[in-house]
Amino acid sequence: MNQKKFVYLLLIFGGILFINACYYDKADLLYPKSATVTCDTTGVISYSQRVVPILQAQCYSCHSATGGSGNINMSNYANDKVIGLNGKLYGSISHATGYFPMPQGGNQLSSCDQAVIKKWITSGCLNN
Ligand code: HEC
C-alpha cells in the first residue's frame, strides 16, 4: 500500500473513532432531564419487578443459574444476591477498576439501570 492510501485509511478510521466517542460521551449531556424524570429510585426497589427485567435482558444469556460465564451464576434470587452482596454485580456494571466490565461486548447499562440495581443492593438485596 502506498503512503497516500495509508494516510487516507488513517483519516477514515480516526474519523469513525472520533464520531463514536462524541456520540457516546454526549448522550447524558444532551438528555439530562429525560434521564432524571424517568428514573425512579424512590421507595423500595422490587427485585422481581425492577431488577430481574434488567438482568434478564443484559446478563442471563451468558450467566445462567449453573455454569455461567466466568463462574458467575445468575438467573435466580439466591445467585443474584451473592454477587449483589460481594460487590461484583455493581462493580461490573459500573465498570469499576478491578472488575470485568459488563455486559461483555455490549453497551454499559444506562445510568438509571445502574442506579436501580445500586439501590436494590444498598437496601440489602431483598427478595421482593
Ligand atoms: C456476552 C456474554 C456476557 C454477558 C451478556 C454478560 N457477561 Fe458477565 N462475564 C462474561 C464472561 C465471559 C466473564 C468472565 C470474565 C472474562 O473472561 O472476561 C464474565 C464475568 C462476569 C463477572 C465476574 C467479574 C469479576 O470481577 O469477577 C461478573 C460479576 C459478571 N460477569 C456480571 C455480569 C452482569 C451483571 C451482566 C449483565 C449486566 C453480565 N455479566 C453480562 C460474559 C458475559
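Both backbone and side-chain heavy atoms feed into the values below; hydrogens, waters and symmetry mates do not. Note that ligands are numbered from 1 as they come in the structure, with each ligand's atoms numbered from 1 the same way.
Looking only at heavy atoms of the protein, atom 11 (C) of ligand 1 is closest to Ser69 CB, 3.4 Å. The protein heavy atom nearest to atom 5 (C) of ligand 1 is Gln58 O, 3.2 Å. For atom 35 (C) of ligand 1, the closest non-hydrogen atom on the protein side is Leu89 CD1, 3.4 Å. Nearest non-hydrogen protein atom to atom 22 (C) of ligand 1 is Ile72 CG1, 3.3 Å. Looking only at heavy atoms of the protein, atom 24 (C) of ligand 1 is closest to Phe100 CD1, 3.5 Å. Looking only at heavy atoms of the protein, atom 16 (C) of ligand 1 is closest to Gln104 NE2, 3.5 Å. What sits closest to atom 14 (C) of ligand 1 on the protein, heavy atoms only, is Gly70 CA, 3.4 Å. Protein heavy atom nearest atom 3 (C) of ligand 1, with residue, atom name and distance: Cys62 SG, 2.6 Å.
Lys118 NZ: 12 or fewer foreign heavy atoms inside a 6.0 Å radius. Counting heavy atoms of neighbouring residues, nucleotides and ligands inside a 6.0 Å radius, atom CG of Asn86 exceeds 12 of them.
No continuous path of ILVMFWY side-chain contacts below 4.5 Å connects Leu89 to Tyr99, so the two sit in separate hydrophobic clusters.
Between Met74 atom CE and Ser69 atom OG the span is 11.0 Å, to the nearest 0.5 Å. Here Ile93 contributes atom CD1 and Leu55 contributes atom CG; the two are 8.0 Å apart, rounded to the nearest 0.5 Å. Note: Asn71 CG to His63 NE2 = 10.5 Å, rounded to the nearest 0.5 Å.
Contacts of Cys59 with ligand 1, taken as heavy-atom pairs under 4.0 Å, involve both backbone and side chain. Using a 4.0 Å cut-off between heavy atoms, Leu55 makes no contact with ligand 1 at all.
Near Ile93, the atoms of ligand 1 lying under 4.0 angstrom from a non-hydrogen atom of the residue are 35 (C), 38 (C).
Between the SD atom of Met102 and the NE2 atom of His63, the angle taken at atom 8 (Fe) of ligand 1 works out to 170° after rounding to 10°.
For the pair Asn79 (side chain) and Ala65 (backbone), a donor-acceptor distance under 3.5 Å is present. Side-chain N or O atoms of Lys119 include one that pairs as donor or acceptor with a backbone N or O of Gly43 at under 3.5 Å. Between the side chain of Asn128 and the backbone N or O of Ser48 there is no donor-acceptor pair closer than 3.5 Å.
Within the structure, ligand 1 lacks Gly106 among the residues with a heavy atom less than 4.0 angstrom away.
On a distance-only criterion, Lys88 and ligand 1 share at least one N/O pair closer than 3.5 Å.
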